[in-house]
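Here's the structure we're looking at; comments come further down.
So you know, we letter chains A, B, ... as the sequences are listed, proteins then strands, and number each from 1.
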Number of protein chains: 2
Amino acid sequence: MKRTSRDIRTANRYEVLRQIIAESPTSRQELAAATGLSLATVATLVGELLDLRMITEVGFEDSAGGRPRGLVAVNSSGGALIGVDIAETYVHVELFDLGLNVLARAEEDVRPSESLPEQVVGHVATAVGSVVMQAGIEGARVLGVGVSVPGQVDRATGTSEYAPNWDWHDVPLLDLLTEHIAYPLYLDNPLRASAVAELWFGAARGRGNAVVVNLGTGVGAGLVLGGGLHRGVSNSAGEWGHTTMVLDGRLCRCGNHGCVETYVGARGIMLNLREIGPDSALLHPDDQTATIDALARGVAADDPVARRAVHETARYLGAGVADLVNLFNPEIVVLSSWVARTLGEPLLHEVREAVARHALPRPLAATQIVLSPIPTDPVCLGAATFALEGALQAVGQRNGKRTTRARSRTTAPPS
Amino acid sequence: MKRTSRDIRTANRYEVLRQIIAESPTSRQELAAATGLSLATVATLVGELLDLRMITEVGFEDSAGGRPRGLVAVNSSGGALIGVDIAETYVHVELFDLGLNVLARAEEDVRPSESLPEQVVGHVATAVGSVVMQAGIEGARVLGVGVSVPGQVDRATGTSEYAPNWDWHDVPLLDLLTEHIAYPLYLDNPLRASAVAELWFGAARGRGNAVVVNLGTGVGAGLVLGGGLHRGVSNSAGEWGHTTMVLDGRLCRCGNHGCVETYVGARGIMLNLREIGPDSALLHPDDQTATIDALARGVAADDPVARRAVHETARYLGAGVADLVNLFNPEIVVLSSWVARTLGEPLLHEVREAVARHALPRPLAATQIVLSPIPTDPVCLGAATFALEGALQAVGQRNGKRTTRARSRTTAPPS
DNA sequence: CGCACTTTATAAAGCCCCTTTCCTAACCCC
DNA sequence: GGGGTTAGGAAAGGGGCTTTATAAAGTGCG
């Protein structure tokens, strides 16, 4: 937990690269203005990134009558990053260039019977092999693989401490993956992955305080506090899905009653729909995706049952988000994951109104609520971002320290 | 929001002083071990504090066969700090020495009719004058006055943006106080004051992540995240009292239904009691303090109504605290403020059980729940701590900066 | 009593990081 | 081709922390 001046450098390095990725041909001047750093610092950081071949000089730009500005841009061919999104029913893998553009995709279905770690790892290995093949990348250029797995994760040891959907306990996932994948691996969970994706490339860019609300089958929040990801003491902060919103309310799979997830998770939304229109044709009892899709179409077609179901869902969600606004006082709340994307603007609209009814006026006024602007899978993107962070962090490390220095001093010929 | 190496110094200065206050005759060696800093750094920081006369050298301690360790301790007579706790019905002021021992106290009652800022400020001024007089301190030795006022506060401008109990809106409280009080003033709210008190001197000492739950007439949480106070974007983070716990539940004074405060605030506890024993002799309908006191005595005497009321309150509180545990994943949750102190161990016991029922196992296992160990008014102590932080922060500031330097360059004779 | 050894505290040097300042490079325009 | 202007790099400077050397102050033993 000790802060050192090294951390400042790392943060600045992140900030500069983030800025370059966001606005790709850009000048050092622009970077200095955007980051608040001095020109000299920006220049050295840009130099570092050039040395790493993560960015390249791409030309010049006229300056008002003086020497033209040199432009730098992400070096798309400077490396590749892989993001792996392991979910209950699928493994989704994307390979990105350094501009975080998707170069290749692969998806594997995970059947309910395939809940053994080895089986899941097999799917991951296959999919990772597939994207590398598809992209025609030589292995050495893959800078790292970020892996998101649901539940609680210990990043230091690379174990999945607890994955509720498969009832995994302390599975040494990283060790298992290492046997199949030769690239540097980074493990975390989808909440933090999507939060990091928003922080680097999405709606939370440049914000010091943001809450990324994930609405999927499960529900949770990724917390960006004080400019960085908040992990909590055991890397499990953000477990918002099992917050009690209705004391003695609906039974949740976690064993408690009235959890947020039972009202605004995909299954919860299905329950909301059933309560409103038990016979509604929108309801596909065994298919969450189909039901949410149908609900979205229903809203678009002005189906009253669909509208009421979304309204009701937004009422719960609004109360929950208002709690987050009151507690964290964020600049922005981002609604992410597939349920949020599918229901889109109509849901957002209702949520904003519901939040306005519940939240305290001052924090509310300081907060905007938006849909995630990330067009692809935010979890894959976030996982890849973990790999990018890892690659960037390694820069700062001194490599050999005393052993190397001592050896080089004795073996190197005096120049 | 930019981090600079200066911030590291400030944090280390805090850390060293905190350690000295906590364990008063102590050696540089111990400080280095406790803070993780090098001996040299500790020595310079100790030197700074000696120069400021905040600490003094108090003797020597035998070392195992070498030069004896120099001991330093807080210089109690090196200055005084004042903490002001403005609440709905009273103004409480305490004057501390630098060891944060109370040297003098004053209390003023604020009648419901006296809701004008000028009236409240008058009480504060009187009480501050009184404690300075009582302690027989010369004014120059007062390093600062920390003021806690309920509601939302803008520290930069020193205004009370919104105080619900008196319906204040954007009252320039610091300006008003400056007319009566000549010492440096620091403004914030009770949630953050008690959190800082726990962080410096209480149960959160040395913890990077802690949640301080305030149980009084109002309810809220002070958040210590990543080693420091989390303020949010507009300094209103921690408003936990108006989190929805029971959708469509009890009507709250904030206009919503089912807020945490309506179940675990003093008024909420009175409602719990009334529901259980409408005719109970414990109930003093118009006196919160008396009722909570009676409830505590009832529990001690094994009164079944009292026990059930506490049990029921703990059920609500446990659900709420479990939410905080899931969301923040703190190392420790501290129950603070007068309701928590009055109900004490019996409440704590029930709350622990209730939290265990609601929280996720992993975060729960990482968290302890305790009562505040601070014997005096934590809000006064915390407010005084703000003043202490302010006095220490000012050390780092370069005084004249460029104007001074430019002037000295032109006016100073060449030496 | 004196010398060797131990431990503490301070001073010096080194490294890291950021900024400011100065100077050269590169371009425009007249 | 010389000002004027802007970009970018190199050097100096300031703040911070650590490691290393040195001075200071004891203990212990011959």
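- Side chain A/Arg67 to base D/dA7: a donor-acceptor pair is found below 3.5 Å.
- A salt bridge does not link B/Arg28 to B/Glu61: none of the charged side-chain nitrogens sits closer than 4.0 Å to a carboxylate oxygen.
- For the atom pair CZ of B/Arg192 and CG of B/Leu199, the computed distance is 14.0 Å after rounding to the nearest 0.5 Å.
- A/Asp7 has its CG atom 17 Å from the P atom of D/dG16, to the nearest Å.
- Taking only side-chain nitrogens and oxygens, A/Asn12 comes nearer than 4.0 Å to OP1 or OP2 of C/dC18.
- Here the P atom of nucleotide C/dC17 and the OH atom of A/Tyr14 are 14 Å apart, to the nearest Å.
- Under the side chain to side chain contact (heavy atoms under 4.5 Å, CB included) test applied with A/Asn235, the options A/Asp154, A/Asn189, A/Asp188 reduce to a single match, A/Asp188.
- Straight-line distance from the CZ atom of A/Phe60 to the P atom of C/dA26: 9 Å, rounded to whole Å.
- In this structure, the CZ atom of A/Arg9 is 18 Å from the P atom of D/dG16, given to the nearest Å.
- Contact check of residues 22-50 of chain B against DNA chain C (heavy atom, cut-off under 4.0 Å) returns B/Arg28, B/Gln29, B/Ala43.
- Below 30°, between 30° and 60°, or above 60°: for B/Phe328 and A/His230 the angle between ring planes is above 60°, a perpendicular geometry.
- In this structure, B/Ile332 CD1 and B/Gln368 CD are separated by 4.5 Å, a value rounded to the nearest 0.5 Å.
- In this structure, B/Glu57 atom CD and C/dA9 atom C1' are separated by 10 Å, rounded to whole Å.
- Considering A/Glu48, A/Gln393, A/Glu389 as possible partners of A/Arg13, the one that fulfils the side-chain hydrogen bond (donor to acceptor under 3.5 Å, both in side chains) test is A/Glu48.
- In this structure, the nucleotide among D/dC17, D/dT6, C/dC18 sitting nearest to the side chain of A/Arg69 is D/dT6.
- As rounded to whole Å, 19 Å separates atom P of D/dG14 from atom CD1 of A/Ile8.
- Atom CD of A/Glu61 is separated from atom C1' of C/dA26 by 15 Å (rounded to the nearest Å).
- Between the CZ atom of B/Arg6 and the P atom of D/dG13 there is a distance of 18 Å, rounded to whole Å.
- A donor-acceptor pair shorter than 3.5 Å can be found between the side chains of A/Asn75 and A/Ser77.
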